[in-house]
Amino acid sequence: MSGTVNFYQLPALPLSVVESRRAICRVIAKAWQVLGRVDVLAASPELQKNYDDLLWTFHAGAFLPHGSTIQEPVYLFSDPQQRRPEARALVLLEWPGELPAIADTVERLIDFIPAAEADREAARKRYRQCKQAGYSIQMFPLEA
């Protein structure tokens, strides 16, 4: 396996859920601008819907072409079997466990490290998986 993983550390300051999600939306927008077709895998259908709504409003005046159909440049889905093979990046949204099997099919994986210590263990496991799999790993602080 090769490719790059970008881990974004959410701010340690207590942010509201919406503030944290807006910061994640900025990363998704940047990935789309740089890489083009981006798949966004949500941990649940409810979370997928929340991000779908937020991606319309997270930044005034910004447009991010997204939706839950595979034709969209930013494709939101919650079933890992629905991934499209031509996407260049996979974003994991509030992913609760180990890396999904589809993670090794993209050139760039984007993941987030929660601020709350209790929620970090799953991200640490994914980091170790990526390191063992030979990914090039980059860490970035994420501003609110």
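- Taken to the nearest 0.5 Å, the CH2 atom of W32 stands 11.0 Å off from the CD atom of E72.
- With values rounded to the nearest 0.5 angstrom, D111 atom CG is found 11.0 Å from Q9 atom CD.
- With sequence neighbours left out, the side chain to side chain contact (heavy atoms under 4.5 Å, CB included) criterion links V27 to Y8, I110, F112, L142.
- Other residues sharing a hydrophobic cluster with V17 under the 4.5 Å side-chain heavy-atom criterion for ILVMFWY residues do not exist; the residue is a singleton.
- Summarising the geometry of L35 relative to A89, their closest heavy-atom pair is CD1-CB, 3.6 Å, with the distance given to 0.1 Å.
- Ion pair R88/E107 flagged as a salt bridge, since at least one NZ, NE, NH1 or NH2 atom sits closer than 4.0 Å to an Asp/Glu carboxylate oxygen.
- Of all heavy-atom pairs spanning P100 and L92, the tightest one is CG-CD2, 3.8 Å.
- Among all heavy-atom pairs drawn from T4 and Q138, the shortest one is CG2-OE1, 3.7 Å.
- With C25 as reference, L54 is the one residue of L64, L54, L93 to meet the side chain to side chain contact (heavy atoms under 4.5 Å, CB included) rule.
- The existence of a salt bridge linking E19 and R22 is excluded, since no basic side-chain nitrogen approaches an acidic carboxylate oxygen closer than 4.0 Å.
- Looking at heavy atoms from C-beta onward, K30 lies out of side-chain contact with R26 at the 4.5 angstrom threshold.
- Across Q129 and L99, no two heavy atoms sit closer than the pair OE1-N, 2.8 Å.
- Judged by distance alone, with hydrogens and angles left aside, the side-chain atoms of R108 form no donor-acceptor pair with the main-chain N or O of G3 at under 3.5 Å.
- In this structure, the side chains of S68 and D52 stay at 4.5 Å or more apart for every pair of heavy atoms.
- The two residues P80 and I102 have their closest heavy-atom pair at O-CG2, 3.5 Å.
- Across all non-hydrogen atoms, the minimal contact from A103 to L90 is CA-CD2, 3.9 Å.
- Within the model, atoms CD of E121 and CZ of R126 stand 10.5 Å from one another, a figure rounded to the nearest 0.5 Å.
- Contact of the R83 side chain with the V106 side chain is registered, since non-hydrogen atoms from C-beta on lie closer than 4.5 Å.
- Each of H66, E94, E46 was scored for a side chain to side chain donor-acceptor pair (under 3.5 Å) with Y51, with one residue passing: E94.
- Remark: S136 OG to L109 CG distance equals 12.0 Å, nearest 0.5 Å.
- Taking hydrophobic clusters as Ile, Leu, Val, Met, Phe, Trp and Tyr residues chained together by side-chain heavy-atom distances below 4.5 Å, F140 shares a cluster with V91.
- Here CG of L41 is found 4.5 Å from CZ of F77. Values are rounded to the nearest 0.5 Å.
- Contact of the R21 side chain with the L47 side chain is registered, since non-hydrogen atoms from C-beta on lie closer than 4.5 Å.
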Q: Given side-chain contact (heavy atoms from CB on, under 4.5 Å), test I113 with M139 step by step and report yes or no.
A: CA-CA 10 Å; I113 302 168; M139 299 286 289; 3.3 Å; yes
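- Contact check for R84 versus Q71: no side-chain heavy atoms found under the 4.5 Å cut-off.
- For Y127, the ring-ring contact (aromatic ring centres under 6.0 Å, His included) partners two or more places apart in sequence, or in a different chain, are F7.
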